[in-house]
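The following block contains the structure, expressed as structure tokens.
Every value quoted in this text rests on a predicted model; they were computed, and no experiment measured them. Sequence lines set the chain letters: A, B, ... in the order given, protein chains first and strands last, and positions in each chain run from 1.
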2 protein chains.
Amino acid sequence: MGDVYKAIADPTRRAILDELRDRAGQTLFELCKRLIGKGFTSSRQAVSQHLAVLEEAGLVVIRREGRYIFIDLDTSPLQQIYDRWGIGPCASDT
Amino acid sequence: MGDVYKAIADPTRRAILDELRDRAGQTLFELCKRLIGKGFTSSRQAVSQHLAVLEEAGLVVIRREGRYIFIDLDTSPLQQIYDRWGIGPCASDT
DNA sequence: ACGATATGCAAGCGGTGACTTGCATGTCAA
DNA sequence: TTGACATGCAAGTCACCGCTTGCATATCGT
């Protein structure tokens, strides 16, 4: 398993997670286009490498169908950050 | 304000946060000794530089008294991670 | 089958970050 | 005041990371 902390350290990777949160099941090309539309200059290869890191960290699930890949977000690995230092929304529930 | 994500990307900095969570108000020397005791090989200067990064990110509060500095943990900047991707312990409450 | 599309793989490059080294500053005790 | 202690500052080194480049692979439409 990859390092979740390292995975979210990069701004481009965080933008990818943002994009996947807004629209699930995107294709690599779709993702690239949208990122470029949001001002990011990342090439397809760069995004692909970022996805590999995110997948290693478990933050992203990649499902392959034919010549496409469909990418989905999985935020559950972020849970360990909360678990480690004990913060979170619940604290403000009362 | 510094980047919280970048701040927690480094294993040594996470160990510092762990140590401060277990024991608040430590001195730089104290912190170094404990980290070395836990198997980290960081020098004093290295730890000092890490603290600067953590302070920039708001994860640590440094209070200076005489020739000592006292370091305290502040986990509130981590909240933005939850706010951004909306996960957390509450989801599994039901 | 053939061309076009969508993605994978690998080597190389530049910049950034973590660490060390050496010295400077400041504070306490005697 | 002087020496020991606790920390700050700055330059230099080295490895890693993100990115590009170029080519390879695989799938769909016609």
Taking the side chain as every heavy atom from C-beta outward, state whether B/Leu31 and B/Leu51 have any atom pair closer than 4.5 Å.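 The answer is yes, as the side chains (C-beta and beyond) meet within the 4.5 Å cut-off.
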Within the 4.5 Å heavy-atom criterion, are B/Trp85 and A/Arg14 side-chain neighbours or not? yes
Measure the shortest side-chain to side-chain distance between A/Ile71 and A/Val47 over non-hydrogen atoms and say whether it is less than 4.5 angstrom. no
Does anything in residues 9-35 of chain B reach DNA chain C, meaning a heavy atom under 4.0 Å, and if so which residues? B/Asp10, B/Thr12, B/Arg13
Whole Å only: how far is the CD1 atom of A/Ile69 from the C1' atom of C/dT5?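 Taking atom C1' of C/dT5 as the reference, CD1 of A/Ile69 is at 14 Å.
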Can you tell me the distance, in whole Å, between the NZ atom of A/Lys6 and the C1' atom of C/dG17? 14 Å
Starting at CD of B/Glu56, measure out to NZ of B/Lys6 and round the result to the nearest 0.5 Å. 8.5 Å
Annotated protein contacts, base or backbone, on nucleotides 25-30 of chain C with a non-hydrogen cut-off under 4.0 Å, one of B, S, - each: --BS--
Rounded interatomic separation in angstrom, taking OH from A/Tyr5 and P from D/dC16: 22 Å
Would you say B/Arg64 reaches D/dG8's phosphate, i.e. side-chain N/O to OP1/OP2 under 4.0 Å?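 So the side chain of B/Arg64 is within the cut-off, an N or O lying under 4.0 Å from OP1 or OP2 of D/dG8.
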Intermediate values then yes/no, side chain to side chain contact (heavy atoms under 4.5 Å, CB included), B/Leu78 and B/Leu59: CA-CA 8 Å; B/Leu78 294 175; B/Leu59 285 166; 3.9 Å; yes
Is any side-chain heavy atom of B/Tyr5 less than 4.5 Å from a side-chain heavy atom of A/Arg13? no
Non-hydrogen side-chain atoms of A/Phe70 and A/Thr27 separated by less than 4.5 Å: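 Yes, close enough: below the 4.5 Å cut-off.
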Just how far is it from atom CD of A/Glu19 to atom CG of A/Leu73, taken to the nearest 0.5 Å? 11.0 Å
DNA chain C contacts among residues 38-58 of chain A, heavy-atom distance under 4.0 Å: A/Arg44, A/Gln45, A/Ser48, A/Gln49
Any donor-acceptor N/O pair, B/Ser43 side chain to B/Ala46 backbone, under 3.5 Å: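 Looks like yes, one N/O pair under 3.5 Å.
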Side-chain heavy atoms of B/Leu17 within contact of B/Thr75, under 4.5 Å: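 No; the side chains remain at least 4.5 Å from each other.
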